[in-house]
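Let me begin by presenting the structure, written as structure tokens, before commenting on it.
FYI, side chains are in, hydrogens and waters are out, and symmetry mates aren't considered; it's all heavy atoms of this structure. Count residues from 1 along the sequence.
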Amino acid sequence: MAELHFFTGTMDSGKSTLALQTNHNHAARGRVGRIFTTHDRSGTAKVSSRLGLTHDALEVDADFDFWRYVVDTLTRGGRIDYLICDEAQFYAADQIDQLAKVVDELQIDVFAFGILTDFRSHLFPGSARLVELADRMNVLQVEALCWCGKRATHNARTENGAMVVEGEVIVVGDVDQADEPPADVAYEVLCRQHHRRRLTAARAKAVSLAPEPLPFG
């Protein structure tokens with residue numbers, strides 16, 4: 001029986017790497033699949049991993065219809081055994097419904113990969129619908145770490161190293177590294193405590209380097 005799988009974790013937990021590995025494993029067994037993504041950090045029509053792995057993909061825009069695409073492909077004599085859907089948090093809720101229909105009506109496996117919440121700690125509509133519909137929900141076991149060393153549970157957006165909690169939900173960027181200068185717009189994974197305090201790696205470093213106040217007298 002085909003199933004709708006949802007693999008989730010924070011940013012920097014290896015979701016895209018697992019998506020590419022899943023595709024490799026199925027293709028190696030002679031299965032034929034399609035890879036989809038949207039708003040990937042490397043640009044359009046690509047799935048990219050921070051380990052340097054990349055693969056061409058089909059870009060999912062707001063008007064893309066998974067059901068129509070699969071049915072049209074099968075009608076023309078094409079073969080599809082499974083779908084790999086990366087950055088699924090950015091899909092519309094009705095696109096997740098289309099994926100569920102592909103599983104139920106056409107018996108085609110769907111493997112979706114995405115983060116649960118945005119930089120404001122609110123569920124993405126696509127992820128929320130996947131939680132509601134997925135046959136299997138898998139939390140990735142590779143734990144991303146906050147700059148303090150604790151397990152990262154929240155995705156933060158930074159602008160010049162400072163955490164922001166307002167703005168457009170979808171702004172493409174990459175994860176800041178603690179030992180690199182912050183990008184204009186980037187993302188950072190934090191534990192809940194430091195997300196609540198808006199204490200990013202750059203801000204924590206600046207605080208630690210601040211000069212001690214001179215004693216009076």
Side-chain angles (χ1 to χ4, degrees), residues 6-19 37-44 46-54 59-62 86-93 113-131 139-216:
F6 180 35
F7 296 86
T8 187
T10 61
M11 300 181 75
D12 214 18
S13 62
K15 294 179 302 303
S16 295
T17 301
L18 181 58
T37 191
T38 186
H39 300 296
D40 186 87
R41 72 184 72 84
S42 66
T44 59
K46 289 278 186 184
V47 171
S48 66
S49 142
R50 292 184 181 87
L51 296 182
L53 304 173
T54 62
E59 185 75 12
V60 178
D61 60 25
D86 199 25
E87 305 292 353
Q89 71 273 8
F90 296 137
Y91 299 178
F113 303 81
I115 60 179
L116 281 176
T117 59
D118 62 22
F119 69 103
R120 305 164 303 172
S121 297
H122 296 166
L123 279 169
F124 283 99
S127 297
R129 194 64 178 139
L130 277 164
V131 171
V139 178
L140 272 64
Q141 297 304 305
V142 176
E143 293 186 349
L145 299 178
C146 177
W147 60 264
C148 69
K150 292 175 61 177
R151 183 170 70 92
T153 54
H154 288 60
N155 305 297
R157 180 184 295 167
T158 62
E159 293 183 3
N160 297 317
M163 180 175 157
V164 295
V165 293
E166 295 180 351
E168 294 293 328
V169 172
I170 301 176
V171 176
V172 178
D174 206 349
V175 174
D176 264 345
Q177 303 299 320
D179 57 349
E180 295 180 358
D184 289 341
V185 176
Y187 291 87
E188 183 176 344
V189 289
L190 299 172
C191 64
R192 184 183 64 242
Q193 179 185 33
H194 289 135
H195 189 276
R196 288 179 54 248
R197 294 180 178 178
R198 304 188 191 182
L199 192 57
T200 64
R203 185 180 169 205
K205 183 177 181 180
V207 170
S208 69
L209 295 176
E212 293 288 335
L214 294 175
F216 292 102

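Here the straight-line distance linking atom CZ of Phe90 with atom OG of Ser127 works out to 9.0 Å at 0.5 Å rounding. Atom NE2 of His154 sits about 10.5 Å away from atom CG of Asp118, to the nearest 0.5 Å. Of the inter-residue distances, the one linking His194 atom NE2 with Trp147 atom CH2 reads 4.0 Å to the nearest 0.5 angstrom.
Of all non-hydrogen atoms in Ala152 and Cys146, the two that sit nearest each other are CB-N, 3.7 Å. A pairwise comparison of heavy atoms in Leu140 and Gly14 identifies CD2-C, 3.7 Å as the closest pair. Taking both residues in full, the closest heavy atoms of Ala201 and Glu188 are given as N-OE2, 2.8 Å, listed atom of the first, atom of the second, then distance. The two residues Leu190 and Leu199 come nearest to each other via the heavy atoms CD2-O, 3.9 Å. Between Glu59 and His39 the shortest heavy-atom distance is OE2-N, 3.3 Å. Here the closest non-hydrogen pair linking Phe6 and Phe113 is CE1-C, 4.4 Å.
Of the possible donor and acceptor atoms, one in the side chain of Gln89 sits under 3.5 Å from a partner among the backbone N and O of Ile115. Using modelled atom types, no side-chain atom of Arg192 and backbone atom of Thr153 make a donor-acceptor pair closer than 3.5 Å. Under a 3.5 Å cut-off, the side chain of Thr117 and the backbone N or O of His122 do not form any donor-acceptor pair.
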Self-check item: Steps toward side chain to side chain contact (heavy atoms under 4.5 Å, CB included) verdict (Tyr91, Thr38)
Solution: CA-CA 8 Å; Tyr91 299 178; Thr38 186; 3.6 Å; yes
Quiz item: Could you go step by step and tell me if Met163 and His195 meet the side chain to side chain contact (heavy atoms under 4.5 Å, CB included) rule?
Solution: CA-CA 8 Å; Met163 180 175 157; His195 189 276; 3.4 Å; yes
Exercise. Could you go through the side chain to side chain contact (heavy atoms under 4.5 Å, CB included) check for Leu123 and Leu116 one step at a time?
Key: CA-CA 6 Å; Leu123 279 169; Leu116 281 176; 4.1 Å; yes
Quiz prompt | side chain to side chain contact (heavy atoms under 4.5 Å, CB included) between Asn155 and Val189, intermediate numbers included | solution = CA-CA 5 Å; Asn155 305 297; Val189 289; 3.8 Å; yes
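Taking the side chain as every heavy atom from C-beta outward, Lys150 and Gln193 approach each other to under 4.5 Å.
Taking the six-membered ring for Trp, Tyr187 and Phe119 have ring centres at least 6.0 Å apart.
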